[in-house]
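One structure is given below, encoded as structure tokens.
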Amino acid sequence: MPRTIPGIHHVTAISGPPQANVDFFTGRLGQRLVKKTVNFDDPGTYHLYYGDATGAPGTILTFFPFADAGPGRAGPGMAASYSYAVPKGGFDGWMERLAEDAVDFDGPVERFGARVITLRDPDGAPVELVETDRAGDAALDGFHGVTLWERDIGPTARLLTGIFGYEEAGHETVGGVERLRLKAPGDARGTFVDLMRSDAPSIGRQGAGTIHHVAFRAEDDADQLEWREALAAAGHAVTPVIDRQYFNAIYFREPGGVLFEIATDPPGFAVDEDAAHLGEALKLPPQYERIRDRIEAVLPPLKVA
Ligand code: ZN
């Protein structure tokens, strides 16, 4: 068996117009745009990556900003939300600044004993901030975790504990919503996966404001291949390895329907531009360089403050 999964590598979501997305995640949340590229399966659309200064795994939130994406809605079989970790001592400051700037947020509420507030991004998607014991200043410290919305949490829990090596870390029911918390061993970023079971009769729909997939970390290509074999042996239909330029990826649907990815830590975002200038230029994979003019002509201009 491969080693345990150390945590989340990235979360990918769908948004509406890109400028509002950039303004919110770089301006309001203080994330760095670490890569400006295109959707490799649809090069007329941006693929924007936000993260910490270096674009470290566990801090990466990515968006496909589809200009004509209708609004989506989370539901069973989809990831419902992601949460950022707020270092100890920074949480009250976040609430004060948001209040001063008249930014609406819900909460704080307690979840497994920690305070959580929920903002909305420009597409109305929830952005959770969780108070943690991590050291640091006011800056967000990457992901705390994700919440998956499941009709039946058992099979997904068995995947995470039986194959990924996660451990049960809490179980609570608040307002009729049952939440099972699983945690990757260790203290990497993004170790938490909450499985939320709700009887609300809701049907999810992919669109702006919803999460497309959740990617977990593999140490390297060899580690990823071991994961691929372990998943296939357990009956999961997992894709071949796909080159995503900044990592290699494999994908499969977990038993509840959420699209999971396992992405390699290397090579990372400094593979095609200087680490000091991440995200400044439009980067294209080799197969699209020859049509750069056409791609640049259809992408809307983007300004990063
Ligand atoms: Zn991905």
Side-chain angles (χ1 to χ4, degrees), residues 5-15 18 21 25 31-43 45-52 54-66 69 72 74 77-84 121 125 142-143 145-148 159-160 164 184 188-191 193 206-221 223-225 227-228 231 236-254 256-269 271-272 278-279 283-285 287-288:
I5 294 262
I8 293 165
H9 183 282
H10 66 269
V11 173
T12 292
I14 299 167
S15 78
N21 188 261
F25 285 96
Q31 301 301 288
R32 182 175 187 190
L33 181 68
V34 292
K35 193 62 63 181
K36 183 166 64 176
T37 182
V38 294
N39 182 337
F40 292 1
D41 301 320
D42 176 10
T45 301
Y46 279 117
H47 192 183
L48 304 177
Y49 290 75
Y50 305 98
D52 71 354
T54 63
T59 73
I60 301 296
L61 177 65
T62 96
F63 283 92
F64 296 127
F66 290 111
M78 294 169 68
S81 59
Y82 56 84
S83 56
Y84 279 113
D121 80 2
F143 290 123
V146 291
T147 296
L148 313 182
L159 164 70
L160 289 165
F164 281 20
R189 290 158 164 153
T191 54
V193 176
Q206 285 286 345
T210 63
I211 293 171
H212 186 264
H213 64 266
V214 177
F216 296 86
R217 290 172 63 184
E219 201 167 289
D220 53 28
D221 290 345
D223 191 34
Q224 182 181 58
L225 286 176
W227 286 114
R228 191 173 182 282
L231 288 163
H236 298 282
V238 55
T239 68
V241 175
I242 300 173
D243 181 354
R244 294 303 189 194
Q245 185 81 359
Y246 310 106
F247 44 84
N248 280 332
I250 57 174
Y251 303 86
F252 69 104
R253 290 209 182 265
E254 57 84 24
V258 181
L259 185 60
F260 275 11
E261 174 182 345
I262 295 179
T264 54
D265 283 0
F269 295 97
V271 70
D272 63 354
L278 291 177
K283 304 306 292 186
L284 297 176
Q287 68 266 34
Y288 293 136

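Just follow the structure's listing: the first ligand is 1, and inside any ligand the first atom is 1.
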Going by an N to O cut-off under 4.0 Å, is there a salt bridge joining Arg217 and Asp223? no

Within a distance under 2.8 Å of the Zn ion (ligand 1), the protein atoms of type N, O or S are His10 NE2, His213 NE2, Glu261 OE1

Over 60° means perpendicular and under 30° means parallel, so tell me whether Tyr84 and Tyr82 are parallel, tilted or perpendicular. perpendicular

Looking at the rings of Phe64 and Tyr46, which for Trp means the six-membered one, are their centres under 6.0 Å apart? no

For this output row, return yes or no: ring centroids of His236 and Phe260 closer than 6.0 angstrom. no

Assess whether a salt bridge exists between Asp221 and Arg228, defined as any Lys/Arg side-chain N lying under 4.0 Å from an Asp/Glu carboxylate O. no

Quick one: salt bridge (Lys or Arg N to Asp or Glu O under 4.0 Å) partners of Glu254, sequence neighbours excluded? none

